[in-house]
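Count residues from 1 along the sequence.
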Amino acid sequence: MAARIWLFAAALTAFLLAGCASVPTRVEANASASLKRVLVVSIAAAQLQRRYTGLTVLGNEHEVKDITAWGLDDEFETQIMGALKERGIVGMTLPGTRAQLLAVNNPNGPRKAPAFSTPNWKDIESTLRALGTEHKVDGFVLITPREVPDFLAGTNQFFAGLGFYARGFGSRTTVSVLHLIATVSIGDSSGKLLASRPLLSAGASSHVQGRTPLRLVDAELARRAFNETSESAFQNTRGMLVDLPRHFWAITLDDLIDAGKSR
């Protein structure tokens, strides 16, 4: 499985970066210097996905569980604010902001497809502008889910956001991971999108496990239907998900924000 993951690492990175090609992937130096106090909003962890790709379409499985009550978006926002603080930027959150910005997850094109799963900024720009004026912030950091092709097993299927992905042949499971496929975007106080890029590390390694938040998990866990999963197993999954992207925020922010910005 490790060899297959490595083979598709370059394809994943190219696809994710290409998806952000229409907008800058780095905030310009002058704009970076103005980011002193920002509103942080994660809209990436309301649902837990479970997808299994079998030998044929008839063997495929997909289900979604509402995990809003797990508070993962809150956890992610806290982690991001910690990473921002280390970079001289004050992060803040506001109750109810996620609900106002859900339109960012609308398809950014004529239909729902991976090519159009980048943040739909035009549908939230006016809301951000109003928030910026009301709360006197210099900008925004948004975390949103995205959909990507199956870079792990090379099938014609897709997976997205937060959850489990598995690939199998009968009783044999060749891929079983927990993942967070997301985009980190930064806007200014007027609501204008400054830069956007996938949540990826900047490490030299081309191995996908070092490039996107993935965790190898037991095949039985990745394959198990949600209605057959115990509460204790869900709590263990929540714990893994809290830790999954922890070190990726800082690396991605360094990719997005000019390192030479004034403090």
(message) Evaluate S189 against D138 for side chain to side chain donor-acceptor pair (under 3.5 Å), listing each step before the verdict.
(response) CA-CA 5 Å; S189 59; D138 304 311; over 6 Å; no
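- A pairwise comparison of heavy atoms in E228 and R224 identifies O-CD, 3.4 Å as the closest pair.
- Ion pairing between E231 and R238 fails under the 4.0 Å rule for side-chain N and carboxylate O.
- The main-chain N or O of G191 is found under 3.5 Å from a side-chain atom of W121 such that the two form a donor-acceptor pair.
- Between R129 and E134 there is no salt bridge, since no side-chain nitrogen of the basic residue lies less than 4.0 Å from a carboxylate oxygen of the acidic one.
- Two different hydrophobic clusters hold V90 and W249 under the rule that ILVMFWY side chains link at heavy-atom gaps under 4.5 Å.
- Expressed to the nearest 0.5 Å, how far OG of S176 lies from CG of L221 amounts to 8.5 Å.
- A donor-acceptor pair under 3.5 Å links the side-chain atoms of Q79 to the main chain of V242, judged by distance alone.
- Taking OG1 from T229 and CG from N236, the interatomic distance works out to 11.5 Å, rounded to the nearest 0.5 Å.
- Using a 30° and 60° split on the angle between ring planes, F159 and Y165 fall in the parallel class, below 30°.
- Between Q47 atom CD and D66 atom CG the span is 7.0 Å, to the nearest 0.5 Å.
- The backbone N or O of A182 lies less than 3.5 Å from no partner atom in the side chain of R146, so there is not a single donor-acceptor pair.
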(message) I'd like to know whether M92 forms a side-chain contact (heavy atoms from CB on, under 4.5 Å) with V38, so could you lay out the CA-CA distance, the side-chain angles of the two residues, the decisive distance to 0.1 Å, and finally the verdict.
(response) CA-CA 6 Å; M92 61 174 288; V38 301; over 6 Å; no
(request) Walk me through it: do K65 and W70 pass the test side-chain contact (heavy atoms from CB on, under 4.5 Å)? (result) CA-CA 11 Å; K65 176 180 174 64; W70 290 13; 4.3 Å; yes
(request) Tell me, with the steps shown, if V41 and V141 meet side-chain contact (heavy atoms from CB on, under 4.5 Å). (result) CA-CA 6 Å; V41 186; V141 177; over 6 Å; no
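- Rounding to the nearest 0.5 Å gives a distance of 5.0 Å between CD of Q100 and CG of L131.
- Contact annotation: the side chain of L180 never approaches that of L241 to less than 4.5 Å [non-hydrogen atoms, C-beta and beyond].
- Shown here for N105 and P145, the closest heavy-atom pair between the two residues is OD1-CD, 3.5 Å.
- Residues L128 and L101 form a side-chain contact, since some pair of their non-hydrogen atoms from C-beta on lies under 4.5 Å apart.
- Minimum heavy-atom separation, G91 to L84: CA-CD1, 4.3 Å.
- Here the side chains of L94 and H135 are in contact, with some heavy-atom distance below 4.5 Å.
- With hydrogens and angles ignored, the 3.5 Å screen pairs a side-chain donor or acceptor of T78 with a backbone N or O of D74.
- The closest side-chain heavy-atom distance from P245 to F76 is below 4.5 Å.
- F169 belongs to a hydrophobic cluster whose remaining members, ordered by chain and number, are L55; membership requires side-chain heavy atoms of ILVMFWY residues under 4.5 Å apart, directly or through intermediates.
- Residues satisfying the side-chain hydrogen bond (donor to acceptor under 3.5 Å, both in side chains) test with S126, not counting sequence neighbours, are none.
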(request) Starting from the C-alpha separation in whole Å, work towards a yes-or-no answer on salt bridge (charged side-chain N to carboxylate O under 4.0 Å, His left out) for E75 and R246. (result) CA-CA 10 Å; E75 297 277 2; R246 192 181 296 274; 5.8 Å; no
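- Side-chain atoms of S34 come within 3.5 Å of backbone atoms of A31 as a donor-acceptor pair (strictly under, hydrogens ignored).
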(request) Tell me, with the steps shown, if L214 and L178 meet side-chain contact (heavy atoms from CB on, under 4.5 Å). (result) CA-CA 6 Å; L214 289 178; L178 189 64; over 6 Å; no
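- The pair D254-R26 does not meet the salt-bridge criterion, since no charged nitrogen lies less than 4.0 angstrom from a carboxylate oxygen.
- Contact check for V148 versus F158: no side-chain heavy atoms found under the 4.5 Å cut-off.
- Side chain of R215 to backbone of L244: no donor-acceptor contact under 3.5 angstrom is found.
- Between A166 and R223, the closest heavy-atom pair is CB-CD, 4.0 Å.
- The minimum heavy-atom distance linking F248 with L200 is given by the pair CD2-C, 4.3 Å.
- Between I43 and I143 the shortest side-chain heavy-atom distance does not fall below 4.5 Å.
- The CD1 atom of I186 sits 6.0 Å away from atom CG of L253, with the distance rounded to the nearest 0.5 Å.
- Enclosure of atom CG in N30 is not indicated, since only 12 or fewer non-hydrogen atoms of other residues, nucleotides or ligands lie within 6.0 angstrom.
- Heavy atoms only, all atoms of each residue included: G54 and N60 are closest at N-OD1, 2.9 Å.
- Judged purely by distance below 3.5 Å, without hydrogens or angles, the side chains of T53 and R167 never pair a donor atom with an acceptor atom.
- Using a 4.5 Å heavy-atom threshold, the side chains of V64 and L48 count as separate.
- Partner of V184 under the side chain to side chain contact (heavy atoms under 4.5 Å, CB included) criterion, out of T144, L199, I80: L199 alone.
- Not a single donor-acceptor pair under 3.5 Å links the side chain of H62 to the backbone N or O of Y52.
- Two residues are said to be in side-chain contact when any heavy atoms from C-beta on lie closer than 4.5 Å; R98 and T93 fail this criterion.
- A salt bridge does not link R51 to E61: none of the charged side-chain nitrogens sits closer than 4.0 Å to a carboxylate oxygen.
- Residues satisfying the ring pair (Phe, Tyr, Trp, His ring centres under 6.0 Å) criterion with F140, sequence neighbours excluded, are absent altogether.
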(request) Verify side chain to side chain donor-acceptor pair (under 3.5 Å) between S185 and T183, making sure each step is shown before the conclusion. (result) CA-CA 6 Å; S185 304; T183 298; 5.9 Å; no
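- Here the straight-line distance linking atom CG of L102 with atom CG of N120 works out to 12.5 Å at 0.5 Å rounding.
- Distance alone, capped at 3.5 Å, places no donor-acceptor pair between the E147 side chain and the A160 backbone.
- Of the possible donor and acceptor atoms, none in the side chain of T173 sits under 3.5 Å from a partner among the backbone N and O of V175.
- Remark: the backbone N or O of A103 is paired with a side-chain donor or acceptor of N106 at under 3.5 angstrom.
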